[in-house]
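Beneath this line is the structure, given in structure tokens, with notes to follow.
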There are 2 protein chains.
Amino acid sequence: MHLLGGRWRLLIASYLIDGPKRFNELRRLIPGISQRMLSLDLRALEDARLVARTVFPTVPVKVEYALTEEGRRLGKVVAVVQEFGLWLKDRDAS
Amino acid sequence: MHLLGGRWRLLIASYLIDGPKRFNELRRLIPGISQRMLSLDLRALEDARLVARTVFPTVPVKVEYALTEEGRRLGKVVAVVQEFGLWLKDRDAS
DNA sequence: CAGCATCCACGAAGATACTG
DNA sequence: CAGTATCTTCGTGGATGCTG
């Protein structure tokens, strides 16, 4: 829960499931997240070896974030939590 | 994530899966949780109609907490997150 | 037993500005 | 583009004491 309980981490992971994403790409995909939190959370996921950070030495720099092989285990967690969230939202709507 | 992201809620739910529990029973089962947090989190789960609170008017009072029919949906979430947590712990141990 | 009230500490998160 | 630095705010959770 300490690793996943944050407000954004599972959400970030959910976007990485369908392929690598760049920093600002993630920022756009996740409305409301601050540069700072995206940076910190990506770093935490990286430290847990669930996300890999690849730097392409172009100009300007291009940085890609992708789930590692181990990080793919997050897929199931994301799916189940997401399903639960949707059910809850739907239930409370009606 | 707002509903489940707390430190204890999923853990509390995990203990309720195998049957109703009393307040102090949960306290004993969950080392480290404070009275306050147990109370607050149970209330939150109750407000979400995932947990039902039953008061038996005995002396002293007996209060039971149980998952509702809807609350049983937490079972899958608990299982998957728990599995992930165990895997992570095991991986980092070796 | 099963709590609530109060006060306090700390980390998570937000805002803003700046940089290679 | 992809961040870091700094400051501030806010929510979560802990400690303690009290009650029907």
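All values below come from the heavy atoms of this structure, side chains included, with hydrogens, waters and symmetry mates left out. So that the names make sense, note that chain A is the first sequence line, chain B the second, and so on, each numbered from 1.
The stretch residues 41-64 of chain A has no heavy atom under 4.0 angstrom from DNA chain C at all.
When the side-chain nitrogen and oxygen atoms of B/Tyr65 are compared with OP1 and OP2 of C/dG3, one or more of them lie within a distance under 4.0 Å. In this structure, B/Arg22 reaches the C/dA2 phosphate: one of its side-chain N or O atoms is under 4.0 Å from OP1 or OP2. An OP1 or OP2 oxygen of C/dA2 is reached within less than 4.0 angstrom by no side-chain nitrogen or oxygen of B/Ser39. Distances shown here put every side-chain N or O of B/His2 at or beyond 4.0 Å from the OP1 or OP2 atom of C/dA13.
Side-chain contact between A/Ile33 and A/Leu11 is absent, with no heavy-atom pair separated by less than 4.5 Å. Side-chain contact check for B/Tyr65 versus B/Glu25: every heavy-atom pair is 4.5 Å or farther apart. Using a 4.5 Å heavy-atom threshold, the side chains of A/Lys21 and A/Leu29 count as touching. Taking the side chain as every heavy atom from C-beta outward, B/Arg7 and B/Met37 never approach each other to under 4.5 Å. Proximity of A/Met1 to B/Trp8: side-chain heavy atoms (C-beta onward) are nowhere separated by under 4.5 Å. Considering only heavy atoms from C-beta on, B/Arg43 comes within 4.5 Å of B/Asp47 through its side chain. The closest side-chain heavy-atom distance from A/Arg9 to A/Leu3 is below 4.5 Å. In this structure, B/Leu74 and A/Phe84 have side chains that are in contact, with non-hydrogen atoms separated by less than 4.5 Å.
At whole-Å resolution of the value, CE in A/Met1 and P in C/dA12 are 14 Å apart. Going from atom CD1 of A/Ile12 over to atom P of D/dA2 covers 15 Å, rounded to whole Å. In this structure, CG of B/Leu38 is placed 10 Å from P of C/dA2, rounded to the nearest angstrom. Between B/Asn24 atom CG and C/dA2 atom P the separation is 5 Å, expressed in whole Å. Rounded to whole Å, the distance from CG on A/Leu40 to P on D/dG3 is 12 Å. The CG atom of B/Leu26 sits 13 Å away from the C1' atom of C/dG3 (whole-angstrom rounding). As a whole-Å value, the separation of B/Leu3 CG from D/dT12 P is 12 Å. When rounded to the nearest whole Å, the span between CZ of B/Phe23 and P of D/dG20 equals 18 Å.
Taking a 6.0 Å sphere around NZ of A/Lys76, one finds it holds 12 or fewer heavy atoms contributed by other residues, nucleotides or ligands.
Evaluated for a side chain to side chain contact (heavy atoms under 4.5 Å, CB included) with B/Tyr15, the options B/Val78, B/Ile30, B/Leu67 yield exactly one hit, B/Ile30.
End-to-end axis angle of the helix from C/dC1-D/dG20 to C/dG20-D/dC1, using five pairs per end and rounding to 10°, comes to 50°.
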Check the interface with nucleotides 14-17 of chain C: list each N/O to N/O pair with the protein under 3.5 Å, or write none.
| residue | atom | partner | partner atom | Å |
| --- | --- | --- | --- | --- |
| C/dG14 | OP1 | A/Arg7 | NH1 | 2.8 |
| C/dG14 | OP2 | A/Trp8 | NE1 | 3.3 |
| C/dG14 | N7 | A/Arg36 | NH1 | 3.3 |
| C/dG14 | O6 | A/Arg36 | NE | 3.4 |
| C/dA17 | N6 | A/Gln35 | OE1 | 3.4 |

In sequence, state the C-alpha distance, the side-chain angles, and the governing distance for B/Leu16 and B/Leu26, and then conclude on side chain to side chain contact (heavy atoms under 4.5 Å, CB included). CA-CA 9 Å; B/Leu16 292 181; B/Leu26 284 170; 4.2 Å; yes
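Follow the hydrophobic side-chain contacts under 4.5 Å out from A/Leu86 and you never reach A/Val81; the two are in separate clusters.
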